[in-house]
Amino acid sequence: VKLKRYWFEIIECTRKVLLVGMSVLIKQGTYEQLVVGATIATFMLTVIAWLAPYTLATDNVLGLLCQLVVLANLLLAMLLKGLQSEAENAVLLVSDTAAAVSAVKAARIEQQSFESAIGFALLLLCSVPLPLTLAFVASDIYLLHKEDNGKAPSSPVTSG
């Protein structure tokens, strides 16, 4: 195995530290935390697309897909945060107590439907890489097996 791109592991570790470390330093549950995470994920998506750091093309595709899932996860979290803020603002605009109670109920129902749809989207997004990985592994094994069968058999070593 040639280590032509071993240095990419440093970039990958830096990504992990930034995604976890930087987001912990920013106030929990804020837009700023989500924006920083999305910015880091977008940068890493660009780096993987530009450098193609893995030996096999299928690994590069899978790396891009996984970065897209991370980015989509953060963007969907921003969408949920925006929906929560919108619901809270709708309740705050109502001055009458009875109207406020009905506004809260309506906002909860609407938010639950959005949360269900976004939850389904997240499950779908997070499950996409697994079957694709299995397909890539099967493809890579098939191609390696095909290459091995195409080579001339090596002569056995005999001792005299």
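Counting non-hydrogen atoms of other residues, nucleotides and ligands closer than 6.0 Å to OH of Tyr31 gives a total above 12.
For the atom pair Leu34 CG and Ile26 CD1, the distance stands at 9.5 Å (nearest 0.5 Å). Note that the CG atom of Asn73 and the CG atom of Leu68 stand 12.0 Å from one another [nearest 0.5 Å]. Taken from CG in Leu122 to SG in Cys126, the straight-line distance is 6.0 Å, to the nearest 0.5 Å. Note that CG of Asp59 and CG of Asp140 are 6.5 Å apart. Values are rounded to the nearest 0.5 Å.
Hydrophobic cluster membership is shared by Val36 and Phe43, with clusters built from Ile, Leu, Val, Met, Phe, Trp and Tyr side chains linked at under 4.5 angstrom. Grouping the Ile, Leu, Val, Met, Phe, Trp and Tyr side chains by contacts below 4.5 angstrom, directly or via other members, places Leu56 apart from Leu65. Hydrophobic clustering (ILVMFWY, side-chain heavy atoms < 4.5 Å, transitive): Tyr54 and Leu143 are in distinct clusters. Val70 is connected to Phe8 through a chain of hydrophobic side-chain contacts under 4.5 Å among Ile, Leu, Val, Met, Phe, Trp and Tyr, so both are in one cluster. In the hydrophobic clustering of this structure, Leu125 groups with Phe114; members are Ile, Leu, Val, Met, Phe, Trp, Tyr whose side-chain heavy atoms approach within less than 4.5 Å, directly or through other members.
Counting only heavy atoms from C-beta outward, the side chains of Met44 and Ile11 approach each other to under 4.5 Å. Contact annotation: the side chain of Arg15 approaches that of Leu19 to within less than 4.5 Å [non-hydrogen atoms, C-beta and beyond]. For the pair Leu51/Trp7, a side-chain contact is recorded, criterion being any heavy-atom separation below 4.5 Å from C-beta on. Contact annotation: the side chain of Leu45 approaches that of Leu71 to within less than 4.5 Å [non-hydrogen atoms, C-beta and beyond]. In this structure, Thr39 and Val35 have side chains that are in contact, with non-hydrogen atoms separated by less than 4.5 Å. A heavy-atom distance below 4.5 Å is not found between the side chains of Glu32 and Lys27. Side-chain atoms of Thr55 and Asn60, non-hydrogen and from C-beta on, never get closer than 4.5 Å to each other. Side-chain contact between Thr30 and Lys81 is absent, with no heavy-atom pair separated by less than 4.5 Å.
Within the 3.5 Å criterion, the main-chain N or O of Ala135 finds no donor-acceptor partner in the side chain of Ser139.
Contact record, Pro131 with Ser127: CD-O, 2.8 Å, taken as the closest heavy-atom pair. Minimum heavy-atom separation, Ala41 to Leu74: CB-CD1, 4.2 Å. In this structure, Ala121 and Leu76 approach most closely via the heavy-atom pair CB-CD1, 4.1 Å. In this structure, Thr14 and Ile10 approach most closely via the heavy-atom pair OG1-O, 2.8 Å.
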When you look at Gln67 and Leu64, which way does the side-chain contact (heavy atoms from CB on, under 4.5 Å) test go after all the steps?
CA-CA 5 Å; Gln67 284 302 316; Leu64 285 171; 5.8 Å; no
